[in-house]
There are 2 protein chains.
Amino acid sequence: MVTYSEKQLKPIDEFCPMWEVLTQEERFYLRENTKLQHFRKNEVIYCEGETPKFMMCLVTGKVKIYKDGVGGRSQIIRLIKPVDIFGYRAFFAKEPYLTSASTIESSSAYLVPMQVVEQIIQSNNKLALYFIQSLASDLGVDDARIVSLTQKHVRGRLAESLIMLRDNYGVESDGKTINSHLSREDLANYSNMTTSNAIRTLSNFVSEGVIAVSGRNIQILDEEQLRKISKIG
Amino acid sequence: MVTYSEKQLKPIDEFCPMWEVLTQEERFYLRENTKLQHFRKNEVIYCEGETPKFMMCLVTGKVKIYKDGVGGRSQIIRLIKPVDIFGYRAFFAKEPYLTSASTIESSSAYLVPMQVVEQIIQSNNKLALYFIQSLASDLGVDDARIVSLTQKHVRGRLAESLIMLRDNYGVESDGKTINSHLSREDLANYSNMTTSNAIRTLSNFVSEGVIAVSGRNIQILDEEQLRKISKIG
DNA sequence: TTAAAACAATGTTTTACAGCACAAAAATAC
DNA sequence: GTATTTTTGTGCTGTAAAACATTGTTTTAA
């Protein structure tokens, strides 16, 4: 039962540039074993503790990777945008999932069984090197994040998050509004602060003229100043 | 100019189990291009911002990977023990080093040029998979660490660090003393707290009977209680 | 079309922890 | 073996940010 819009969708090996290194046989094998799945807004994709079975390639929507910590407090580890892949780390580390994944808006993703990925890696070194590079980059981001989240003050952490959101998701057609509409709570959970503090600090930024806010729409007005706050704070 | 003790040392491909997957030719190629280097106590091995050229395999001693953050405050990201490899992440991510590395005691390490590593990976898939697994594991540790360092209280963070130190470096011949002798400052920098707080909390643990301390020697007396503190705090 | 959640905003209280300052002890240098 | 630096230990103070409380606002559901 394939809908019209899905018919128009490119197969996974053409949709996502990482598979360009595959041979024709490998591409066919990949396609045959990949399925497209849709997720409603705020639907959980996988949970901490589960056994990783699929790698996901996000086609549309937005996904958060998070961890529930002390006292049910949630920490968003990273945010996924279309064409990003996720859900494969735990399999390679031979562990159950250490994180959970949930959509933050209606989303769809290609699901590839991890055995299929592993098999292709075993025959294709370039794909292996792609994963090495991808994991190495993520690890660098995490290393930097450890320092930011522990050492920067609330203002600095929020400023950094806003810049990341803009860099990651881009802006809307007006060229200003960040193409991401996180709730204040998610913004707080990403930036390691309480919701109250995210709200408070956001409105401080507005009165200082560095950003403009309208509901969940955020515009960066003075990027230089925001970077300054991110660096010093 | 090879000393007697170095003569006795196994070549890198025999010393470190990760190279077992190499062919004879690859092993020879690796050996020919590897050099052993000694580092004094508190000697810097590489610095944030430098271009990664070598992968290190620690032969003896202990090394800290750290990042200098806000106001010169240092955060130790991870601790290296013999036979661990380090210094390769940035090369794979095609970045300059994001962290610095320094010995915390007199150490020696095999240095392998990253081009050599990359070349062997290109011809040997099993080695590629080893790096994928290694990076995936480190990423999982970092993900968990983000939550611990941001959400746990001082007591919980220090308790977790002590357990990690024991698990990572083991105990001395008495079967109790942790085989690691970090300064209070390094312990604090690993656990994201001030030196004062590390000292204070450490002596609190002593009066509670969960650990015993004598200079830089630390013994875990009540592991169950320490785990409890780590979990709740 | 009203009820009920969920979300946003703001003010108040509490507390965990950083940031000193200073003293003692230990390691290192001279 | 004395001097000097580094490390360790302790107490006090200020403050950033959590926790709590209250009210207003928007979205969802019934």
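Quick caveat: nothing in here was measured; it's all calculated off a predicted structure. In what follows, chains are A, B, ... by sequence order, proteins preceding strands, each numbered from 1.
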For a quick check of understanding: with a heavy-atom distance under 4.0 Å over all strands, which category does Thr195(A) fall into, base, sugar-phosphate or nothing? nothing

To the nearest angstrom, how far is Lys152(B) atom NZ from dA18(D) atom P? 18 Å

First encountered from the 5' end of DNA chain D, between Asn192(A) and Arg200(B): Arg200(B)

Looking at Arg184(B), I'd like to know whether one of its side-chain N or O atoms comes within less than 4.0 Å of OP1 or OP2 on dG9(D). yes

From CE of Met193(A) over to P of dA16(C), roughly how many Å is that when rounded to an integer? 20 Å

Asn42(B) or Ser196(B): which one's nearest nucleotide on DNA chain D is closer to the 5' end? Asn42(B)

If you check every side-chain atom of Arg157(B), which of dA18(C), dC7(C), dA18(D) has the closest atom? dA18(C)

Nearest whole Å is fine: how far is dA18(D) P from His153(B) NE2? 10 Å

Just the rounded figure in Å: distance from C1' of dC7(C) to CD1 of Ile104(A). 16 Å

At under 4.0 Å between heavy atoms, what does Ser203(A) touch on the DNA or RNA strands: base, sugar-phosphate, or nothing? sugar-phosphate

Evaluate salt bridge (charged side-chain N to carboxylate O under 4.0 Å, His left out) for Glu208(B) paired with Arg155(B), printing each intermediate quantity in order. CA-CA 12 Å; Glu208(B) 291 163 31; Arg155(B) 285 168 59 84; 2.9 Å; yes

Between dC22(C) (P) and Ile199(B) (CD1): distance, integer Å: 18 Å

Let's see if you can work this out: which of dT7(D), dC7(C), dA17(D) has an atom nearest to the side-chain heavy atoms of Glu185(A)? dC7(C)

Is it true that Gln219(B) and Thr177(B) share a donor-acceptor pair across their side chains at a distance under 3.5 Å? yes

For the pair Arg227(A) and Glu160(A), find out whether any cationic side-chain nitrogen is under 4.0 Å from an anionic carboxylate oxygen. no

Is Arg216(A) near enough to dA8(C) that one of its side-chain N or O atoms lies under 4.0 angstrom from OP1 or OP2? yes

Ile218(A) CD1 - dC7(C) P separation (whole Å): 15 Å

Mind calculating the distance between CG (Asp186(A)) and C1' (dC7(C)) to the nearest angstrom? 12 Å

Taking only the side-chain nitrogens and oxygens of Ser183(A), find out if one of them lies under 4.0 Å from OP1 or OP2 of dC7(C). no

Separation of dC20(C) P from Asn197(B) CG (nearest whole Å): 14 Å

Evaluate Thr99(B) against Arg78(B) for side-chain contact (heavy atoms from CB on, under 4.5 Å), listing each step before the verdict. CA-CA 10 Å; Thr99(B) 53; Arg78(B) 84 191 100 244; 5.9 Å; no

Thr51(A) side chain to Tyr97(A) side chain, donor-acceptor N/O pair below 3.5 angstrom: no

Categorize Arg73(A) for me: base, sugar-phosphate, or nothing, with a 4.0 angstrom heavy-atom threshold over every strand shown. nothing

